Undergrad: 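Below: one structure in structure tokens.
Everything quoted here is computed from the prediction, not taken from an experiment.
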Amino acid sequence: MMDAWTRFLLGATFVAVVGYVGLVYGGCALDRDCHFRNCGRSLCGVVTEPARHR
């Protein structure tokens with residue numbers, strides 16, 4: 001069984017990762033000039049450029 005410190009660290013890591021992904025990709029969803037960048041078959045980031053350049 002895990003002790004309390006290990007559970008706390010796993011929970012803090014989970015909150016940090018979900019918060020980061022939500023901030024980056026959620027913020028991009030609200031911006032017209034932001035779109036997702038693909039690297040082959042996977043999603044690898046976001047790019048901000050005016051819509052006329054796409």
Undergrad: Side-chain contact, heavy-atom cut-off 4.5 Å: Leu9 with Trp5?
TA: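 Sidechains of Trp5 and Leu9: in contact.
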Undergrad: Among the clusters formed by ILVMFWY side chains lying less than 4.5 Å apart, do Val18 and Leu10 turn up in the same one?
TA: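 Shared cluster, no.
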Undergrad: Report the residues that fulfil side chain to side chain contact (heavy atoms under 4.5 Å, CB included) with Arg37, sequence neighbours left out, ordered by chain and then residue number.
TA: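 Once residues adjacent in sequence are excluded, the partners of Arg37 under the side chain to side chain contact (heavy atoms under 4.5 Å, CB included) criterion are Cys44, Val47.
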Undergrad: Taking Asp31 for its side chain and Asp33 for its backbone only, find out whether a donor-acceptor pair lies under 3.5 Å.
TA: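 Yes, Asp31 side chain to Asp33 backbone: donor-acceptor pair under 3.5 Å.
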Undergrad: When rounded to the nearest 0.5 angstrom, what is the spacing between OG1 in Thr13 and CZ in Phe8?
TA: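 Atom-to-atom, Thr13:OG1 and Phe8:CZ are 9.0 Å apart.
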Undergrad: Transitively linked via ILVMFWY side-chain contacts under 4.5 Å: Leu30 with Tyr25?
TA: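 Not linked; separate clusters.
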Undergrad: When clusters are formed by joining ILVMFWY residues with side-chain heavy atoms under 4.5 Å apart, either directly or through shared neighbours, do Val21 and Leu23 land in the same one?
TA: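 Each belongs to a different hydrophobic cluster.
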